[in-house]
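What you are looking at is a predicted structure, and each value in this text was computed from that prediction instead of being measured.
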Amino acid sequence: MKSYNHLYENCISEENRRISLNLAKHSKRMRRIMKSRHLSDDALVALSYDWINNYENAEHVPVYIYDGITRKERVIIVPTMEELIVQHNVVNALKPMFCKGMYEHSYASLPGRGAHKGKRVIEKWIRTDAKNCKYVLKMDIRHFFDTVPHDKLKAKLRKTIHDEKMLDLLFRIIDVTDIGIPLGFYTSQWLSNWYLQGLDHYIKERLGAVHYMRYMDDMVIFGSNKKVLHQTRQAISDYLENELGLSLKDNWQIFRFSYGNDKGRDLDFMGFRFFRNRTILRKTIMYKATRKARKLSRKEKPTIHDARQMLSYLGWIDCTDTYRMYQKWIKPFVSFKQLKRKVSQHDRYDERRVYQQLVKPYSSKGG
């Protein structure tokens, strides 16, 4: 196993702090805070040095949200600007470790991946390898984020990271909760995927799963033999309990996958419903899209948030076989051409405003 040293030096370096700030600024919330506090990039890069060296978790009030894709209520902790910048610095310094050995078909919360890319992979599997996609094992980890044991997570980190300062900083971030890793912290999405890497390799290499995909704590395994999938499920349950201190939810399923003419069951995963010959949206997402379309039709002037949200639904619709639903329940109520124009004009306005702020000092000097 490769070990990592001198990570803290990299974390506090000016180059890392500047790169990490640019990444943190992808967050609209981050940009709003910077604007309200009148903080420049150079000022934040300078301040972040002390924030890293003297990192302390702020006091947080948990926020409850409903995740429409996984259909679960989740508790998130919203980091302060200082915490978010420090977490970006930590992750950027640790990316070589996080990415080494990462399973190729893990698709949640990773740059360049996501549900839409995972969808294309599953479609390829079920349409080119029917023999090994006869049955499906679908399962997820019980209260994953809330139950990750700190002792086991820290022990795994100690085996890999041989830099006491970096470990101390990481452990302080982890200890914002007594158990589990907090949803909402930027470090959590990376730590959670890294923590489950061993499980991914165990399923692929030891259990020999031909087609296996993980979307954070939700997993699907296709197979040709139902009995083997039952054995696989038991082995995964044992591994989770013994190695990671986690457990499978009791609602795991093994079923015959759709084999044409609506026989067998479809697979509901990552917000999609997969059939042998088509892919459609999960009903809850379709209902949300149609309700949003009707609401927009009653509005005299949709907001930029409305436009972005509806265009996001269009992205889901475009990549699935739901055109008839779109024609009947969405197209009569919404003009996507107008929404795209609204977003485009808004973005151009933002760019023009930035330009005006940049040239203002020089134009005022010129009289």
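In this structure, the side chain to side chain contact (heavy atoms under 4.5 Å, CB included) partners of Thr177, at least two apart in sequence or on a different chain, are Ile77, His150, Pro182. In this structure Gln189 satisfies the side chain to side chain contact (heavy atoms under 4.5 Å, CB included) test together with Ser109, Tyr186, sequence neighbours excluded. For Lys154, the side chain to side chain donor-acceptor pair (under 3.5 Å) test picks out Asp175, with sequence neighbours left out. Asp41 meets the side chain to side chain contact (heavy atoms under 4.5 Å, CB included) test with Leu21, Asn22, Lys25, Met34; sequence neighbours excluded. Residues satisfying the side chain to side chain contact (heavy atoms under 4.5 Å, CB included) test with Gln327, not counting sequence neighbours, are Tyr323. For Glu15, the side chain to side chain donor-acceptor pair (under 3.5 Å) criterion is met by no residue, not counting sequence neighbours. With sequence neighbours excluded, the residues satisfying ring-ring contact (aromatic ring centres under 6.0 Å, His included) with Tyr212 are Tyr103. Legend: residues meeting ring-ring contact (aromatic ring centres under 6.0 Å, His included) with Phe333, ordered by chain and number and at least two apart, are absent. Shown here are the side chain to side chain donor-acceptor pair (under 3.5 Å) partners of Asn10, two or more places apart in sequence or in another chain: there are none. The ring-ring contact (aromatic ring centres under 6.0 Å, His included) search around Trp329 returns none, not counting sequence neighbours. Residues meeting the ring-ring contact (aromatic ring centres under 6.0 Å, His included) test with Tyr239, sequence neighbours left out: Tyr202.
Residue Cys133 forms a side-chain contact (heavy atoms from CB on, under 4.5 Å) with just one option from Leu267, Ile122, Val210, Ile126, and that option is Ile126.
Counted by atom type alone, Thr303 and Asp306 present one or more donor-acceptor pairs between their side chains at under 3.5 Å. For the 3.5 Å distance criterion, the side chains of His88 and Glu83 fail to qualify, holding no donor opposite an acceptor. Under the 3.5 Å distance criterion, with hydrogens and angles disregarded, no donor-acceptor pair is assigned to the side chains of Arg17 and Asn92. Looking only at atom types and distance, the side chain of Ser106 has a donor-acceptor partner in the side chain of Arg214 under 3.5 Å away. Inspection of the Asp129 and His211 side chains reveals an N or O donor paired with an N or O acceptor under 3.5 Å.
Here salt bridge (Lys or Arg N to Asp or Glu O under 4.0 Å) pairs that include residues 87-97, with residues two or more places apart or in two chains, number zero.
The side-chain tip of Arg256 points at the ring of Tyr259 from less than 6.0 angstrom away and within 45° of straight on. For the pair Lys156 and Trp194, the distance from NZ or CZ to the six-membered ring centre is under 6.0 Å and the angle to the ring normal is within 45 degrees. Judged by the 6.0 Å distance and 45° axis criteria, Arg172 is not positioned over the aromatic ring of Tyr55.
Salt bridge status for Glu82 with Arg37: present, with a side-chain N to carboxylate O gap under 4.0 Å. Between Glu164 and Arg158 there is a salt bridge, since a side-chain N of the basic residue sits under 4.0 Å from a carboxylate O of the acidic one. Of the charged side-chain nitrogens involved, at least one lies within less than 4.0 Å of a carboxylate oxygen, so that Arg18 and Asp42 count as a salt-bridged pair. Salt bridge Asp218/Lys138: absent, no basic N to carboxylate O contact under 4.0 Å. The existence of a salt bridge linking Arg273 and Asp268 is excluded, since no basic side-chain nitrogen approaches an acidic carboxylate oxygen closer than 4.0 Å.
Here the side chain of Asp321 pairs no donor or acceptor atom with the backbone of Arg278 at under 3.5 angstrom. Ser48 contributes no side-chain N or O that, together with a main-chain N or O of Trp51, makes up a donor-acceptor pair within less than 3.5 Å. Checking side-chain atoms of Lys117 against main-chain N and O of Tyr107 turns up no donor-acceptor pair under 3.5 Å.
Tyr195 and Phe171 fall within a single hydrophobic cluster, where Ile, Leu, Val, Met, Phe, Trp and Tyr side chains are chained together by heavy-atom contacts under 4.5 Å.
Centroid-to-centroid, the aromatic rings of His105 and Tyr215 stay 6.0 Å apart or farther. Between Tyr135 and His230, the distance separating the two ring centers is not shorter than 6.0 angstrom.
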Problem set entry | Intermediate values then yes/no, side chain to side chain contact (heavy atoms under 4.5 Å, CB included), Asn89 and Ile12 | CA-CA 8 Å; Asn89 277 276; Ile12 62 174; over 6 Å; no
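Looking at heavy atoms from C-beta onward, Trp316 lies out of side-chain contact with Thr322 at the 4.5 angstrom threshold.
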